[in-house]
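Here the structure comes first, spelled out in structure tokens, and everything after it is commentary.
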Amino acid sequence: METVAVLDFETTGMSPRLGDRPTEIAVVLVCDGRIVDRYQSLMNPRRPIPAEITRLTGITNAMVAGAPPVATVMREAARFVGDHPLVAHNAAFDQRFWAAELETLAVEVPAPFACTMLLARRVYPQLSDHRLSTLVRALALPRPGRAHRAMVDAEMTAHLWCRLVADVGAAHGLDTVSHGRLAAAQRAPRQQFSRTLGACAAA
DNA sequence: TGCCAGGCCCTCTTTAGGGCCTT
């Protein structure tokens with residue numbers, strides 16, 4: 001049975017290219033439709049957290065002042081993820097920080113990302129928007145705590161991933177829906193989503 | 001000085017523009 005690693009970052013801003021860095025990471029391992037392991041840590045970004053981001057996440061400069069350095073936490077997180085394929089909501093965002101920080105540590109990042117936001121746009125086009133909070137509410141998924149903390153968002157994304165796998169399998173008559181199949185189909189044009197899934201199934 | 005993400009998607013498009021989504 002395939003295991004995937006669902007991750008979520010809290011950061012000081014939107015772009016590592018502009019100097020933003022992670023303040024917290026959470027990774028949950030999902031196998032056979034359930035969470036089987038968890039990793040979570042605050043980290044010290046060595047730059048101030050803007051007030052508006054503290055208001056959003058609740059993570060303060062005082063909270064990260066005593067946290068381990070980013071490099072230490074990222075090495076631990078990379079070991080925890082191992083070779084498992086990755087999943088995130090709006091994965092382009094988390095992938096940028098994942099790649100940027102691991103690149104500075106000379107750690108290879110071979111695992112591909114699947115994006116629950118791109119997939120949700122394909123699978124639930126009737127919804128008004130595809131924010132994580134909207135999807136959790138619309139699909140009646142578990143909400144384990146305050147949103148915009150890494151572990152809560154990672155767990156909500158994990159539940160969304162499991163629901164997507166189940167719904168795609170049921171809608172397309174597939175016994176198993178792998179990470180690779182969904183990652184390949186998530187960027188297909190909307191009209192070709194089903195055909196791409198079928199092609200991946202036949203391959 | 002003033003501005004600064006970026007990839008995807010839709011449409012009043014495709015030689016472009018703007019909304020969505022993450023913090």
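Proteins come first, then strands; the chains are lettered A, B, ... in the order of their sequence lines, and each starts at number 1.
- Side-chain polar atoms of A:Asp20 and A:Thr12 form a donor-acceptor pair below 3.5 angstrom.
- Of the candidate nucleotides B:dT23, B:dA5, B:dC8, B:dT23 has the atom nearest to the side chain of A:Asp8.
- Rounding to whole angstrom units, CZ of residue A:Arg121 and P of B:dC20 are separated by 10 Å.
- Distances from the side chain of A:Arg122 to the nucleotides B:dG7, B:dT23, B:dC9 place B:dC9 closest.
- To the nearest angstrom, C1' of B:dA5 lies 17 Å from CZ of A:Arg21.
- Residue order along DNA chain B, read from the 5' end via each residue's closest nucleotide, puts A:Ala188 first among A:Ala188 and A:Phe9.
- Residue A:His89 contributes atom NE2, which lies 7 Å from atom C1' of B:dC21 at whole-angstrom precision.
- Of all nucleotides listed (B:dC8, B:dG6, B:dT23), B:dG6 comes nearest to the side chain of A:Asn90.
- Set against B:dC21, B:dG6, B:dT22, the side chain of A:His130 has B:dC21 as its closest nucleotide.
- A:Arg96 comes within contact range of at least one nucleobase, with a heavy-atom separation under 4.0 Å.
- The number of heavy-atom neighbours closer than 6.0 Å to CD of A:Glu52, taken from other residues, nucleotides and ligands shown, is above 12.
- Within the nucleic acid shown, A:Gln186 comes within 4.0 Å of sugar-phosphate atoms alone, with no base atom in reach, counting heavy atoms only.
- A distance of about 28 Å separates the C1' atoms of B:dT1 and B:dA16, rounded to the whole Å.
- Between A:Glu101 and A:Arg21 a salt bridge is recorded (basic side-chain N to carboxylate O distance below 4.0 Å).
- Contacts of A:Thr57 with the nucleic acid, taken as non-hydrogen atoms under 4.0 Å apart, involve only primed sugar atoms and P, OP1 or OP2.
- Between the C1' atom of B:dC3 and the CE atom of A:Met14 lies a distance of 17 Å, rounded to the nearest Å.
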